[in-house]
J.: 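To start, I am sharing the structure in question, which I have written as structure tokens.
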Number of protein chains: 2
Amino acid sequence: MPCDHHHHCAKEAWQFAEDLCAQKGYRFTDSRRQVFDVLISSHKALTAKEVMKKINNGQPPITYRALEFLTQVGLAHHIASINAYVGCAHHHQEGHVAEFLICTNCHEVEEVDLSSQLSALMVHAKASNFKPQETYVEMTGLCGTCQDS
Amino acid sequence: MPCDHHHHCAKEAWQFAEDLCAQKGYRFTDSRRQVFDVLISSHKALTAKEVMKKINNGQPPITYRALEFLTQVGLAHHIASINAYVGCAHHHQEGHVAEFLICTNCHEVEEVDLSSQLSALMVHAKASNFKPQETYVEMTGLCGTCQDS
DNA sequence: GCTGCAATTGTTAAAAATTAACAATTGCAA
DNA sequence: TTGCAATTGTTAATTTTTAACAATTGCAGC
């Protein structure tokens, strides 16, 4: 269940983002902050276009660059199945894998940790001598709210 | 390990496709056959553009429609993480979930069944009262061959 | 065999999404 | 304070996907 007190969430998220960038020596610049703000202010996955609209029509390159940055740093996740992005301010271990539950109606996204089940996904990679880079575990469907509407 | 005797593979795949379409009452038309042929002749995931190129530069709408058809029928899978398609001629149970191991270098794709591990992915959906539609389990990385090159 | 209808295709063109290229600016270290 | 790497601003192109609609096809019912 996503937390519903965005003010609280947001504050911690910002602190987390600040710390992460500082610690890793990345510049948490204005445009990056703006995009992060848009994403983190919503639990929904937003397309690049939606992000742009929310930032007084920011130019595509700026937005795409910020999205790429945030994704690489771990402050956002790319949801490939619907080609959208969702903010994230959890600390992830190296090799962390999350499962995303994506409502196709409202695009609300719930992120759940898969660490304990990860070995089940890895076993095939291991058996095939496959060296993993990125893992996407995405489930589209209808969230509880949207099932009733 | 993908089978390496495409002739044998292909023959069975065609039979499977014919039967599937006949049984479900779908028309296995020329353009659909062409796209299926392109996909099934390769274990690699191909982008829509790559498919088009292989079909004496087929027009986009025709290719996209065929890809959509094949995906819906189950004769192809959409690999969201790299926005590409891979042919498939396995019989899938209702609610079947596969894991795709996708080489980011050569785009070879291995499909493995996740049935036995599926409950691990579903447990969170259940707990969240989330009604699943599509499940994507994709792992990008380097296949054995590409690790050495 | 015709007729009519639904499914599919062919074609043109538009819309949407992403990236290239390069000049201007910024932040910081030497 | 100079120089360099990182980042941004800007324009425009490229790539990807879809819309719209006319033409065709396959087939069921007469």
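So that the names make sense, note that chain A is the first sequence line, chain B the second, and so on, each numbered from 1. Side chains included, hydrogens not; waters and symmetry mates left out as well; all remaining heavy atoms used.
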J.: For a quick test of reading the model: is some side-chain N or O of B/Asn83 closer than 4.0 Å to OP1 or OP2 of D/dT17?
T.: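 Result: yes.
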
J.: Which one, C/dT19, C/dT12, D/dT8, comes nearest to the side chain of B/Pro61?
T.: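 Output: C/dT12.
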
J.: How long is the straight-line distance from NE2 of A/His96 back to OG1 of A/Thr135, given to the nearest 0.5 Å?
T.: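 It comes to 10.0 Å.
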
J.: Which heavy atom of A/Ala45 sits nearest to which heavy atom of A/Ala84, and what is that distance?
T.: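 Closest approach of A/Ala45 to A/Ala84: CB-CB, 3.7 Å.
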
J.: Just checking B/His77 against B/His92, ring centres under 6.0 Å apart?
T.: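 That pair passes the under 6.0 Å test.
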
J.: Can you tell me which nucleotide in C/dT9, C/dT19, D/dT11 comes closest to the side chain of A/Pro60?
T.: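 Closest of the options to the side chain of A/Pro60: C/dT19.
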
J.: Can you measure A/Leu70 atom CG to D/dT7 atom P for me and round it to whole angstrom units?
T.: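 Interatomic distance, CG of A/Leu70 to P of D/dT7: 12 Å.
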
J.: Write down the distance between OH (B/Tyr64) and C1' (C/dT9), rounded to a whole number of angstrom.
T.: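 After rounding, the gap between these two atoms is 18 Å.
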
J.: I need the CD-P distance between A/Glu68 and C/dA20, as an integer number of Å.
T.: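 Interatomic distance, CD of A/Glu68 to P of C/dA20: 10 Å.
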
J.: Can you tell me which nucleotide in C/dA17, D/dT11, C/dT12 comes closest to the side chain of A/Lys49?
T.: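 It is C/dA17.
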
J.: Let me know the distance between CZ of B/Arg33 and C1' of D/dT25, rounded to the nearest Å.
T.: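 Atom CZ in B/Arg33 sits about 15 Å away from atom C1' in D/dT25.
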
J.: Which of these nucleotides, D/dT7, D/dT18, D/dT11, is closest to any side-chain atom of A/Gln59?
T.: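 My answer, after comparing the listed nucleotides, is D/dT11.
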
J.: Specify the separation, in whole Å, of atom CD1 of A/Ile62 and atom P of C/dA20.
T.: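 Going from CD1 in A/Ile62 over to P in C/dA20 covers 17 Å.
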
J.: Do any side-chain nitrogens or oxygens of A/Thr29 fall under 4.0 Å of OP1 or OP2 in D/dT7?
T.: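 A/Thr29 to D/dT7 OP1/OP2: no side-chain N or O under 4.0 Å.
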
J.: Does the plane of the ring in A/Phe69 sit parallel, tilted or perpendicular to the ring in A/Tyr26? Use 30° and 60° as the thresholds.
T.: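 Correct class here is perpendicular.
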
J.: For the pair made of CZ in B/Phe28 and P in D/dG26, what is the distance, rounded to whole Å?
T.: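 Spelled out: CZ on B/Phe28 to P on D/dG26 is 15 Å.
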
J.: Send over the distance from A/Arg32 CZ to D/dA6 P, rounded to a whole Å.
T.: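 For the pair A/Arg32 CZ and D/dA6 P, the rounded distance is 11 Å.
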
J.: With heavy-atom distances below 4.5 Å as the criterion, would you say the side chains of B/Val109 and B/Lys44 are in contact?
T.: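 A side-chain contact under 4.5 Å is absent here.
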
J.: Compare the minimum distances between each of D/dA5, D/dT11, C/dA6 and the side chain of A/Arg27, then state the nucleotide with the smallest one.
T.: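 My answer, after comparing the listed nucleotides, is D/dA5.
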
J.: Rounding to a whole Å, what distance do you find between A/Gln34:CD and D/dT7:P?
T.: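 Taking CD of A/Gln34 and P of D/dT7, I get 16 Å after rounding.
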
J.: Identify which nucleotide among C/dG10, D/dT16, D/dG9 has an atom closest to any side-chain atom of A/Arg65, counting heavy atoms from C-beta outward.
T.: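 Nearest listed nucleotide: D/dG9.
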
